[in-house]
Structures are given as C-alpha cells and as structure tokens.
Novice: 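Please see the structure below; I have some questions.
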Amino acid sequence: MGQLMNVSGRVTDEDGAPIAGALIEVWQANASGKYIHQWDRHQAPLDPNFIGQGRILTDAEGCYRFRTIKPGGYPVAESDWWWRPPHIHYSIFGVSWMDRFITQIFFPGEPLNQTDLLLNGIPNAEARQRVMFEPQPTQVTKDLNILEFHRDFVLRGRRRTPELP
Amino acid sequence: MSQPVVSPYCTIGPFFPFDFVDDCNDLTQFEERKAAGQHIWLAGTVVEEGNIPTGNTLLELWQPDARGVFRHPLDPRHSEIDPGFFGWGRARTDAKGFYRFRTVLPGPSREVDGTPRCAHGNMTVLAIGLTRRLVTTIFFSESPETAEDLVLRSLPDPSRRQRLFARRDEALDAGGLPGYRFDIVLRGDGETPFFVD
C-alpha cells in the first residue's frame, strides 16, 4: 500500500569516477511508518505485501535503480515529541574498506524535516540538500503511474587513472 | 563540472534489517569450502559508558586469512587468498550486548605498499546514536613484533594498547573451537581505542 516510486542515481568517487559493482543496501518504513523489525514499537500496521528492504549492485557506470513505495513518518519511541520525517536508509560498500558509507535520504518539502534532529544535525543547508531526493519530472499516463526520485552519492577515495601530461 | 563533494553520513538507526545480518557471522565457509587454519570464536560484549550493554549494535569484521591475505585486489598477495575464507562478516549484539563471530586466527599480513603487519582483524561498529562508523583493530597475540605494528605504535599509552588484544577465554569455547574475547567499550573508563579511517 502507498505511493509507488522509482529511485535512481549514481555512485562515484571524489574524482567523479563511477564505482561499478558497489553493493547498496536500502531499508525503510512502510507507508504507515512501520518497519519490519523487532525493535519497532510504533503502533502502526505492517503491510503484508511490503518487505521494506533490498540490495542492489551498481552497473558499469555506477548507476543504481530500485522501486519501492514512499515511506511514512513515525514517532521516536524514546522521545515525547520527536517524529522522524519520511526517509530511506542507505548502506553502501565501495571499492575498499575505507568507502563504507551509511546515510539516510529525505524528501524535500516534508513538514517533519523542519524538526528532525538527524537531518538538522547535518551542519549546513548545502550539505542537507545532498541528503534529499531530487524529484524528477514524470508524465501521467493511463498505465501505472510512478513517482521518480534521484539521488547520487560521492564516496571517499580516489582511483581515477592519472591523466597523461 | 564542479568538484564532487563527499556525501554526508547519517546514523544507521535502530532498524537495520536482521535479514542483512543474521547468518553472516561465519567467515570460515565460502562457496562450499572450509577455511584453512585454526577456526575460533571471536566474541565479547559491547558496552557504553557506565558498563551499560548496547543491544542491537551492528559489528562488521574484516580480516585476512590464516596466511595473512586479505580478500581484496590491493593486497600484494591477493592471488593467494584462501578460497574457503570470505574475510568479511557481520554480527549484531543481543540485549546483553553480546556478539559472536566464527573466524580463523589471521596470519601476519602486508599493507598495500608491502609494510608488514602483525596478525590482526578490523572491526567496524555501527549503532543508533553514532553519526559515523567507529573503526578499531584487533590483535590476537603479543610478541616483540606486535609492539612495532603501525597501529599499536600510534598508541603511546601501554594500557590503551592492551585493549586491542583479543584474549583466550575458555568460557567462550564451544563446539570444539577455542574462544577469544574482545570486549568493546564505546565511551568512558576503559574506552576502546578507535581510529580515524
């Protein structure tokens, strides 16, 4: 249940060189803001048709793509006011042990973004933009309609072959 | 095109799927083969300040095989990797902060540039409340060479060096395999040394 969405993007190193074969793990709440997880005590329903987790390998150009539904926000059990805004978790393995990367990607314009301690823990507005999905234009048709979002990642490390002088 | 900027990190949070972790804590079998060398349990507890166990913490172990070869193309002896040793695993702590890996005693390895390293493994700690991953190194036995290892040399205080050794612990023995204890203290007295990676 929920709003279908496709996510695409590209994983590169600090020189802009694509990272092919990077393992991406994603996990998220369902449309009601509930995770399939023993530690999730939120009283929202599980969706029997939504697993909320997946693995993708980047292709030769460093690109990835997956389909999901838009996650819901949810209250933090340990807090008496804090709601997490909708977000998708990413874990990425690059080419070396140094590239191990974990983050959360948010949706622009969500009211809960204003008060989220994790999003606003990222120190400046420019950096916060880099943990936002970028909505892509879609054409509404008579067939299945799916929102499109984009998010690129830049991992630590440099490996581009030095250019000849 | 503007210079790429490294993507911002954010905490792993509490809901990393168990499916991505469970059954990943055995490094001694790969593609239907068994790893060479002495199989061991590497186990311990993760605690935070005040000796409070941290359940639901994700640990990732990355180490060379029994002859000291990492499963990575940049290891100078990469072609000699033990085909039965995967070299990477994951475990999570239970409510008491306890974790356990099945692995092999690693052999002395070499850095990318050939620098010799004492037998060691690398551990990543990911947990709710940690913005970034924590990284530490585990040594398995003390010898005159250990003191020369580049990681141990970076710690001037001998008592802190001691915290990087997994110790033989018969209480952890199981299934005929010897147990080695490596406890992790995230903060406070006895804090485990973590390294900038």
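In what follows, chains carry the letters A, B, and so on, assigned in the order in which the sequence lines appear, proteins first and then strands, with residues in each chain numbered from 1.
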Novice: So with a 6.0 Å cut-off around CG of A:N124, is the heavy-atom count from everything else above 12?
Specialist: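 Counting neighbours around CG of A:N124, more than 12 heavy atoms of other residues, nucleotides or ligands fall under 6.0 Å, so yes.
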
Novice: When only pairs under 4.5 Å are counted, which of A:R84, A:Q104, A:Q38, A:R128 shares the most heavy-atom pairs with chain B?
Specialist: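 Heavy-atom pair counts peak at A:Q104.
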
Novice: Would you say B:R77 has more than 12 foreign heavy atoms packed within less than 6.0 Å of its CZ?
Specialist: yes

Novice: Is it the backbone or the side chain of B:L126 that comes under 4.5 Å from a heavy atom of chain A, or both, or neither?
Specialist: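 Looking at B:L126, just its side chain touches chain A.
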
Novice: Can you tell me how far the CD atom of A:Q53 sits from the CG atom of B:D19, to the nearest 0.5 Å?
Specialist: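 Rounded to the nearest 0.5 Å, the CD-CG separation comes to 4.5 Å.
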
Novice: Taking A:L112 as the starting point, is it possible to reach A:V76 by hopping between hydrophobic residues whose side chains are less than 4.5 Å apart?
Specialist: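 Hydrophobic grouping puts A:V76 apart from A:L112.
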
Novice: Just wondering, are more than 12 heavy atoms of other shown residues or ligands nearer than 6.0 Å to CZ in A:R65?
Specialist: yes

Novice: Check for me, please, whether B:Y9 and A:I88 land in the same ILVMFWY cluster - side-chain distances under 4.5 Å, paths through other members count.
Specialist: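 Yes, same cluster.
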
Novice: For A:F153, which atoms come within 4.5 Å of any heavy atom of chain B: side chain, backbone, both, or neither?
Specialist: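 Answer is both: backbone and side chain atoms of A:F153 are under 4.5 Å from chain B.
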
Novice: How close do B:P4 and A:G16 get, counting heavy atoms only, and between which atoms?
Specialist: CG-N, 3.6 Å

Novice: Can you confirm whether A:R100 sits close enough to B:W62 that some side-chain heavy atom of one is under 4.5 Å from a side-chain heavy atom of the other?
Specialist: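 No, every pair of side-chain atoms sits at 4.5 Å or beyond.
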
Novice: Please determine whether the number of non-hydrogen atoms from other residues, nucleotides or ligands lying under 6.0 Å from atom CD of B:E170 exceeds 12.
Specialist: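 Check fails, neighbour count at 12 or below.
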
Novice: What part of A:V26 gets within 4.5 angstrom of chain B, counting heavy atoms only: side chain, backbone, both, or neither?
Specialist: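 For A:V26, backbone heavy atoms alone lie under 4.5 Å from chain B.
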
Novice: For the backbone of A:E14 and the side chain of B:Q3, can you confirm whether one donor and one acceptor N or O come within less than 3.5 Å of each other?
Specialist: yes

Novice: B:F16 versus chain A, heavy atoms under 4.5 Å apart: side chain, backbone, both or neither?
Specialist: both

Novice: Going hydrophobic residue to hydrophobic residue with side-chain gaps under 4.5 angstrom, can you get from B:I12 over to A:I24?
Specialist: no

Novice: Please look at B:P8 and chain A and tell me whether the side chain, the backbone, both or neither of the residue comes under 4.5 angstrom of a heavy atom of that chain.
Specialist: both

Novice: Looking at B:L74, B:T131, B:N122, which has the largest count of heavy-atom pairs under 4.5 Å with chain A?
Specialist: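 If we count pairs closer than 4.5 Å to chain A, B:N122 comes out on top.
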
Novice: On a heavy-atom basis, which atom in A:R130 and which in B:V6 lie closest, and how many Å separate them?
Specialist: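 Minimum heavy-atom contact is NH1-O, 2.8 Å.
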
Novice: For A:I102, is it the side chain, the backbone, both, or neither that has a heavy atom closer than 4.5 Å to a heavy atom of chain B?
Specialist: both

Novice: Could you state whether A:F93 and B:L134 fall into the same hydrophobic cluster, counting links through intermediate Ile, Leu, Val, Met, Phe, Trp or Tyr residues with side-chain heavy atoms under 4.5 angstrom apart?
Specialist: no

Novice: If you count the non-hydrogen atoms of other residues, nucleotides and ligands that lie under 6.0 Å from CG in B:D113, is the total more than 12?
Specialist: yes

Novice: Using the rule that Ile, Leu, Val, Met, Phe, Trp and Tyr join whenever any side-chain heavy atoms are under 4.5 Å apart, tell me whether B:F182 and B:F101 fall into a single cluster.
Specialist: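 Looking at the clustering, B:F101 is in the same group as B:F182.
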
Novice: If I take atom CG from residue A:L119 and atom SG from residue B:C10, how far apart are they, to the nearest 0.5 angstrom?
Specialist: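 The SG atom of B:C10 is 7.5 Å from CG of A:L119, to the nearest 0.5 Å.
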
Novice: Does the separation of the ring centres of A:W39 and B:F15 fall below 6.0 angstrom?
Specialist: no

Novice: Determine the minimum heavy-atom distance between A:H89 and B:T11, stating which atoms define it.
Specialist: ND1-O, 4.4 Å

